[in-house]
Protein chains: 2
Amino acid sequence: MAGNTASKGRPDLAAMIVPLGRALVAAELPVLRRHGLAMWAYAVLLRLDDPPVRTQAALARDIGADKTRIIGVLDDLEERGLIRRQPDPADRRARLLSLTPAGRQLRDTVQAAIQQREERLLARLPEEDRRGFLNALQALAALPPSEISGA
Amino acid sequence: MAGNTASKGRPDLAAMIVPLGRALVAAELPVLRRHGLAMWAYAVLLRLDDPPVRTQAALARDIGADKTRIIGVLDDLEERGLIRRQPDPADRRARLLSLTPAGRQLRDTVQAAIQQREERLLARLPEEDRRGFLNALQALAALPPSEISGA
DNA sequence: TATTGTTATACTCTATAACTATA
DNA sequence: TATAGTTATAGAGTATAACAATA
């Protein structure tokens, strides 16, 4: 019940969404730690899907991080055999990033556990609200951030 | 389009909500700066509604901040005549916090500008998704964070 | 002894700048 | 000259610890 107007109107979207995001992240952390993953490491595993990412900078941008910040994360994931960093034959400056089978398996395991918790939360919502919520969320998440920030 | 599974399933809620929250905050910042407000200052103005808050610590907890962190924020808001900090006669340790008329007016002005931008974003959604989205969001935002984190 | 508000300190996270190797 | 990746440094944000006043 934070950030509400006196009695009319609705709370700001951000005032509802940001705390909700914080709580969801807090819910994920124990699951991630159980699998030895930090939040950024999990974000990397999520992003590194079948089509290999072309550069580390692009990966960083996609997950909302800084290119300098994910280097340690990538080092760790590579050492643990969860991702591959192959030099791009076409441009030897770049590193092609991809999941190893072990990385994909870990990602699927962790994601299943996380989404299972999320489903318990969603189950509290009326069916039609839940459907609209997920539809809207996926639509908004698909927008480039600049469109939301109102470039 | 971040954090999606290969083809089946949906992205994690957190993977959609957190970036969305970041983008919404980024959209607010120019509006806030135009009115000389930092993000935490705005959060304080939002929380300080008609029933005065009993302690600074409670206020901090409500807006997801640390009690030590909002002190400077409160100092600034008080100096600018936007809030009052009155010693509680019943417990002279505590300070009763409330909005001044100027504070309420600024809050309303800023909130109107922010929600106007948000409405433009929501207008992109189909009517039924938008309704479900807002219903679900308000329901989830009303839950105590511990219920979401799955205490 | 516990709590409110405060200050000072330490720590984490994040961004900036500078370097290398390729192009 | 520009870019990918890397490293080192500096800055912002945040939490922790310690204090005085009151209960």
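Residue numbers start from 1 in every chain, and the chains themselves are labelled A, B, ... in the order their sequence lines are given, proteins ahead of strands. No experiment lies behind these values; they were computed from the predicted model shown. All values below come from the heavy atoms of this structure, side chains included, with hydrogens, waters and symmetry mates left out.
Phosphate proximity of D/dG13 to B/W40: absent, as no side-chain N or O sits under 4.0 Å from OP1 or OP2. Listed pair A/R69 / C/dC13 fails the phosphate criterion, with no side-chain N or O lying under 4.0 Å from OP1 or OP2. Close to D/dT6, at under 4.0 Å from its OP1 or OP2, lies a side-chain N or O of A/R95. Here B/R54 does not reach the OP1 or OP2 of C/dT3: none of its side-chain N or O atoms lies under 4.0 Å away.
Take the nearest nucleotide of DNA chain D for B/A90 and for A/L74: the residue whose nucleotide is more 5' is A/L74.
Remark: P of C/dT6 and CG of B/L59 are 12 Å apart, rounded to the nearest angstrom. Rounded to whole Å, atom P of D/dG5 lies 12 Å from atom CG of A/D75. Here the P atom of nucleotide D/dA4 and the CG atom of A/L96 are 13 Å apart, to the nearest Å. Atom pair B/I71:CD1 and D/dT16:C1' shows a separation of 14 Å (rounding to whole Å applied). One atom, CG of B/D88, and another, C1' of D/dA21, lie 15 Å apart when rounded to the nearest Å. Atom C1' of nucleotide D/dA21 and atom CG of B/D91 are separated by 11 Å, given to the nearest angstrom. Straight-line distance from the CZ atom of A/R92 to the C1' atom of D/dT3: 15 Å, rounded to whole Å. At whole-Å resolution of the value, NZ in A/K67 and C1' in D/dA2 are 11 Å apart.
Enclosure of atom CZ in B/R131 is not indicated, since only 12 or fewer non-hydrogen atoms of other residues, nucleotides or ligands lie within 6.0 angstrom. Within 6.0 Å of atom CZ in A/R69, more than 12 heavy atoms from other residues, nucleotides or ligands are found, so the atom counts as buried in its surroundings.
Residues meeting the salt bridge (Lys or Arg N to Asp or Glu O under 4.0 Å) test with A/R92, sequence neighbours left out: none.
Among D/dT16, C/dA15, C/dT4, the nucleotide with an atom closest to any side-chain atom of B/T68 is D/dT16.
Put simply, the side chain of A/R34 does not reach to within 4.5 Å of the side chain of A/L37, judged on heavy atoms.
Residue A/R93 places a side-chain atom within donor-acceptor reach of the base of D/dT3, judged by atom type and a 3.5 Å distance cut-off alone.
Residue-level contact check: A/D66 touches the bases, meaning some heavy atom is under 4.0 Å from a base atom.
Scanning all heavy atoms of the two residues, the minimum distance from A/I70 to A/Q56 falls at CD1-O, 3.5 Å.
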